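Down below is the structure, laid out as structure tokens.
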Number of protein chains: 2
Amino acid sequence: MPRRGRKELILEVACRLFSTKGYHATTIRDISEASGILSGSLYAHIKSKEDLLFEITNFGAEAFLSSLRPIVNGTGTAEEKLRQGLIAHIRVVADNLEAATVFFHEWKALSEERRAIIQKKRDEYESLWEQILEEGINRGEFNPPDPKFARLLTLSAANWLYQWYRPEGPMGPEEVADRLATNLLVGLSNKKEV
Amino acid sequence: MPRRGRKELILEVACRLFSTKGYHATTIRDISEASGILSGSLYAHIKSKEDLLFEITNFGAEAFLSSLRPIVNGTGTAEEKLRQGLIAHIRVVADNLEAATVFFHEWKALSEERRAIIQKKRDEYESLWEQILEEGINRGEFNPPDPKFARLLTLSAANWLYQWYRPEGPMGPEEVADRLATNLLVGLSNKKEV
DNA sequence: CACCAAAACAAGCGCTTGCTTGTTTTCAGG
DNA sequence: CCTGAAAACAAGCAAGCGCTTGTTTTGGTG
């Protein structure tokens, strides 16, 4: 029987190193050293270095998707969905900062096939956000002067979050989400003139 | 005498490869092949692979700084400065998309000392934007409900731009800047209620 | 206790990396 | 036409890479 969480330990260590040094700059021997497992022994638990990257990015993708899907498909106003979606997004970033960083920053290092899998999930995630904005516009809740750029601004804010948000900082996910939502909603709401 | 633009050719090729594959995934032999110069001959023009990365990131940093500084120090309302600054920023991205991508994405691969140099310029660039927002607030032009997040939103939009903007696309820098500014200004302007 | 698969181990293979070396070619200035 | 420095060249070094191999140790199970 496996010692408790050996694979998990390796994933954790790889995640930390990939997020700080980058995938290509991290060597199997780095992971070996940081986890206290000889590099050869690692291969009793993993198939390849790239498998680690895929598992991490896929975990990140699924975390984002599974947290946003029920919100989009649920009931409530578009504004509620936007706020809830932002909270969910920031929670994922806050709870898995390293995995989120790898997901956003290192997915290009994957092989073509696997990159396509992650790309598809990225696209799906973007389209979920689009659904919220569309719903808000169709319902008349949102009336942005420029829907395309309102969407761009929302996604930029979400996608850039991992660059500056620190879980150990003064603001919890809810506060960040709330203030972000408020700022975004100003631009989304019905205004005739600036 | 040097053949015309040999160094420039190498920088151009390196820039393209670094921006698409990443610094660590690009080998000297890749650059050699893509430029038609044998790998050994490259070293008649460069000192090291990392020098190439530094020259590119530093070029990017200087391009952003030198285009924003005169705007911040110039005359005009804060709104004008914001619009002009966005135009300048997008022009830099549009005119040097590959260098901008390397600047935003690969600067972490630099050695500690050089990373510090680039970090300093990044900080200066952020503070220039902050100056514009502060000036707008002090003058009473801007009255955002949440200055900290208004700033964050502005920087996120600017910093994420290189991820989606394509110079060959339908929108020129001016149009993008204008629409982005309009969306941001809604959130910056004096509003009591959403 | 005996068993045996899972895990850890030491060693190293084949290859690629960034870069250097010693030599030859190129080509503008005298 | 010379000359000499700059550039291109072919060859390859030392180090590091991902990963494999053959063997020993470990620890739960009958």
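Heavy atoms only: backbone and side chains are in, while hydrogens, waters and symmetry mates are out. Proteins get letters first, then strands, A, B, ... in listed order; numbering begins at 1 in each. None of these values were measured; they are calculated from a predicted model.
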Query - Length of the NZ-P vector between A/Lys7 and C/dA7, whole Å - result: 11 Å
**Report entry** A/Glu174 atom CD, over 12 foreign heavy atoms within 6.0 Å
**Finding:** yes
Query raised in the report: Rounding to a whole Å, what distance do you find between B/Arg6:CZ and D/dA5:P?
Result: 22 Å
Query raised in the report: B/Asp51 has an atom CG; how far is it from atom C1' of C/dG18, in whole Å?
Result: 13 Å
Query raised in the report: Has A/Phe59 got more than 12 heavy atoms of other residues, nucleotides or ligands less than 6.0 Å from its CZ?
Result: no
Query - Identified side chain to side chain contact (heavy atoms under 4.5 Å, CB included) counterpart of B/Phe103 within the set B/Val93, B/Ile56, B/Ile118 - result: B/Ile118
Query raised in the report: So, B/Phe64 versus B/Phe104, ring centres under 6.0 angstrom or not?
Result: yes
Report task. Using whole Å, report how far NZ of B/Lys49 lies from P of C/dT20. Result -> 15 Å
Requested in this report: With axes from five pairs an end, tell me the bend angle of the helix from C/dC1-D/dG30 to C/dG30-D/dC1, nearest 10°.
Outcome: 10°
Query - Short N-O contact, B/Glu168 and B/Arg166, less than 4.0 angstrom - result: no
Report task. May I have the distance from A/Glu50 (atom CD) to D/dC17 (atom P), rounded to whole angstrom? Result -> 18 Å
Query - NZ or CZ of B/Arg114 within 45° of B/Phe54 ring axis and under 6.0 Å - result: yes
Report task. Check each residue of residues 14-45 of chain B for a non-hydrogen atom within less than 4.0 Å of any atom in DNA chain D, then write out the ones that pass by number, or none. Result -> B/Arg29, B/Leu38, B/Ser41, B/His45
Report task. Flag the pair B/Glu175 and B/Arg179 as a salt bridge only when some basic side-chain nitrogen lies within less than 4.0 angstrom of an acidic carboxylate oxygen. Result -> yes
Report task. With sequence neighbours left out, write down each residue that passes salt bridge (charged side-chain N to carboxylate O under 4.0 Å, His left out) with A/Glu80, or none if nothing qualifies. Result -> none
